[in-house]
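So the structure is just underneath, and the comments pick up after that.
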Amino acid sequence: MDFQLDETQRAFRATLRAFVDKEIVPVAREWEQAGRYPAEIVAGLAELGLFGITVPEAYGGLDLDPVSFALVFEELSRGWMGVAGILGSHSLACRMIAVHGTDEQRAAHLPALAAGERRTAIALTEPDAGTDLQGIRTTARRDGDHYVVTGTKMWITNARYADPLPVLVKTDPATTPAHRGMSVLLVDAGTPGYRVARDIGKLGYKGPESCEVVLDQARVPASALLGGVEGRGMQQVLSALEWGRVNIAARSVGIAQRAHDEALAYARERLAFGRPIAEFQAVQLTLAQLATTVQAARLMAYWSADQVTRGRADAATGMAKIFCSEVALQAAVDAMKVHGGYGYSTEYEVERLYRDAILMSIGEGTNDVLRAVVAKALVRGEAKIG
């Protein structure tokens, strides 16, 4: 049993860490508070080839293993979770195209997406359907060699930059169970009837946009049907969301690590009663608990990523997403407490960590829903502990 990254993964992490420390950490608080889109950082991600992390090498991508994939989101989130979100949605959509697309779709989209010349996202959630994806109302009616798409999607990261945007639709709304009538369409930017309606205001996760997207009788070529066969959309989406839970678990570890780093540094510097507060036992207990849970979350995230390499890992990725996201939120709260009143101030990093951590328990399936997913896998014997 080896709990260490291999040499290639360590070198890759060192490159990521250097980029984050130089390009993201110095500007994250100022840009996040200003709501400034991190265009310069995005350009740097492209230079590093990170827009191709789930794209096969044959199309110019890095085709990372799942653990290296997790390292990307851990390190970026240590600097600024919002930046990780830009890459997260893109990487999941690229994986869907790479795994499920036709040869023509791969050749048409993946090289430019891997290079960062174009970006993509994934449009699943709707005003009345989030975790319950089978409840979506967006429909795609076949009309000759096109689909006519009508519906609204919510919380779409990269919506203003996505080209194409994979959209989950119902191609056969009358079919039961509903997932058998669901498909994914690759909607090109500029498609008539497709528009980004508005940006949604948020507590955290600032920098990247989260948008409402409207499709009003949008005419999409039938050749844009992912995989070329109707009725496979839910399977295609779920295969991406498995990697998405690794993504969220790793982002959570990055947030928690930064909370630990900020708390430890502040405790060493802050004086009370003539001594650094790091010398007081109450603060030491908090720091020790922080370090313990952060490292436990990291191992859980890496373990779940490793399980993905062995096949479907719904239970493992679900457990990791649940545990790591809750560690991130508690770590942010504890770091704020170590900072005292300054922890509530926008002049310090930890209040942003708190605002970002809350999203981790919601995104990619709420934690309570994922508990149900894990429980069902255990009951059916698909997952085993011990």
All side chain to side chain donor-acceptor pair (under 3.5 Å) counterparts of Gln134, not counting sequence neighbours: none

Main-chain N/O of Ile136 paired to Lys170 side chain as donor or acceptor, under 3.5 Å: yes

Under 3.5 Å: donor-acceptor pair, side chain of His339, backbone of Ala335: yes

Asn158 and Glu209: CA distance, side-chain angles, deciding distance, side chain to side chain donor-acceptor pair (under 3.5 Å) verdict: CA-CA 6 Å; Asn158 290 345; Glu209 78 284 15; over 6 Å; no

For the student: nearest non-hydrogen atoms of Val338 and Ala263, plus distance: CG1-O, 3.7 Å

Check: Glu74/Tyr302 side-chain N/O donor and acceptor closer than 3.5 Å: yes

Inter-residue atom distance Thr139.OG1 - Leu215.CG, 0.5 Å rounding: 9.5 Å

CZ-OH distance between Arg141 and Tyr147, expressed to the nearest 0.5 angstrom: 12.0 Å

Name every donor-acceptor pair, under 3.5 Å, that has one atom in a side chain of residues 315-328 and the other anywhere in the protein, sequence neighbours excluded.
| from | atom 1 | to | atom 2 | distance (Å) |
| --- | --- | --- | --- | --- |
| Thr317 | OG1 | Arg245 | NE | 3.0 |
| Thr317 | OG1 | Arg245 | NH2 | 3.4 |
| Thr317 | OG1 | Ala313 | O | 2.9 |
| Thr317 | OG1 | Asp314 | O | 3.3 |
| Lys321 | NZ | Met360 | O | 3.0 |
| Lys321 | NZ | Ser361 | O | 3.2 |
| Lys321 | NZ | Gly363 | O | 3.1 |
| Lys321 | NZ | Gly365 | O | 2.7 |
| Lys321 | NZ | Asn367 | OD1 | 2.8 |
| Ser325 | OG | Lys321 | O | 2.8 |
| Ser325 | OG | Ile322 | O | 3.0 |
| Ser325 | OG | Asn367 | ND2 | 2.9 |
| Glu326 | OE1 | Arg371 | NH2 | 3.4 |
| Glu326 | OE2 | Asn367 | ND2 | 3.3 |
| Glu326 | OE2 | Arg371 | NH2 | 2.6 |

Contact summary for Leu113 and Cys94, nearest pair of heavy atoms: CB-SG, 3.9 Å

Test item: side-chain donor near acceptor, Gln257 and Arg298, under 3.5 Å: yes

Whether Trp80 side chain and Lys206 backbone form a donor-acceptor pair below 3.5 Å: yes

Trace of the side-chain contact (heavy atoms from CB on, under 4.5 Å) decision for Leu168 with Leu133: CA-CA 9 Å; Leu168 184 65; Leu133 289 179; 4.3 Å; yes

Pair Arg13 + Glu75: basic N to acidic O under 4.0 Å: no

Tyr37/Tyr161 aromatic ring centres below 6.0 Å: yes

Side-chain donor or acceptor of Gln236 paired with backbone N/O of His100 under 3.5 Å: no

Path from Leu48 to Val83 over hydrophobic side-chain contacts below 4.5 Å: yes

Considering all heavy atoms, the nearest Pro66-Val246 contact: O-CG1, 4.3 Å

Tyr342 atom OH, neighbour heavy-atom count above 12 within 6.0 Å: no

side-chain contact (heavy atoms from CB on, under 4.5 Å) between Leu226 and Met96, worked out: CA-CA 8 Å; Leu226 184 63; Met96 284 176 55; 3.8 Å; yes

SB check Asp21 Arg78 (cutoff 4.0 Å): yes

Distance in Å, Leu76 CG paired with Leu71 CG, rounded so as to fall on 0.5 Å steps: 10.5 Å

Result of checking Leu165, Thr120, Asn247, Thr157 against Ser89 for side-chain contact (heavy atoms from CB on, under 4.5 Å): Thr157

Cluster link Met300 to Leu378, ILVMFWY, side chain under 4.5 Å: yes

Phe19, CZ atom: more than 12 neighbouring heavy atoms under 6.0 Å: yes

Donor-acceptor side-chain pairing of Gln217 and Thr150 below 3.5 angstrom: yes

Flag, side chain of Arg355 to backbone of Leu203, donor-acceptor distance under 3.5 Å: yes

Shortest non-hydrogen contact from Pro166 toward Ala121: CD-O, 2.9 Å

Residues Val350, Tyr266; criterion side-chain contact (heavy atoms from CB on, under 4.5 Å); working and verdict: CA-CA 11 Å; Val350 292; Tyr266 185 83; over 6 Å; no

N-O pairing of Glu349 and Arg352 below 4.0 Å: yes

Ring geometry between Phe51 and His90 (parallel below 30°, tilted from 30 to 60°, perpendicular above 60°): perpendicular

Single-linkage hydrophobic cluster Tyr344~Val333, side-chain heavy atoms < 4.5 angstrom: yes

Shared hydrophobic cluster, Val283 / Leu264 (ILVMFWY, side-chain heavy atoms < 4.5 Å): yes

Six-ring centre of Tyr59, Arg106 cation under 6.0 angstrom, axis tolerance 45°: no

ILVMFWY cluster, Val169 and Val187 together (side-chain gap under 4.5 Å): yes

Salt bridge present between Asp143 and Arg219 (N-O < 4.0 angstrom): yes

Smallest separation among heavy atoms of Ser91 and Phe73, with atom names: OG-CZ, 3.7 Å

Under 3.5 Å: donor-acceptor pair, side chain of Gln105, backbone of Thr102: yes

Side chain Gln9, main chain Asp6, donor-acceptor under 3.5 Å: yes

Spacing of CD belonging to Gln33 relative to CD belonging to Glu347, to within rounding of 0.5 Å: 9.0 Å

Working for salt bridge (Lys or Arg N to Asp or Glu O under 4.0 Å), residues Asp306 and Arg310: CA-CA 7 Å; Asp306 182 67; Arg310 305 170 194 277; 2.7 Å; yes

Polar side-chain atom of Thr366 near backbone of Ile362 as donor-acceptor pair, under 3.5 Å: no

Under 3.5 Å donor-acceptor, Arg180 side chain and Met182 backbone: no

Thr191 and Asp188 side chains, donor-acceptor separation under 3.5 Å: no

Trace of the side-chain contact (heavy atoms from CB on, under 4.5 Å) decision for Val55 with Ile97: CA-CA 9 Å; Val55 175; Ile97 296 170; over 6 Å; no

Exercise: identify the closest heavy-atom pair between Pro38 and Ile86: CG-CD1, 3.8 Å

Test item: side-chain donor near acceptor, Lys202 and Ser210, under 3.5 Å: yes

Under 3.5 Å donor-acceptor, Glu212 side chain and Thr152 backbone: no

Enclosure of Arg137 CZ (heavy-atom neighbours >12, cutoff 6.0 Å): no

salt_bridge(Arg160, Asp199) N-O dist < 4.0 Å: yes

Pairing of Asp163 and Arg119 as salt bridge, 4.0 angstrom limit: no

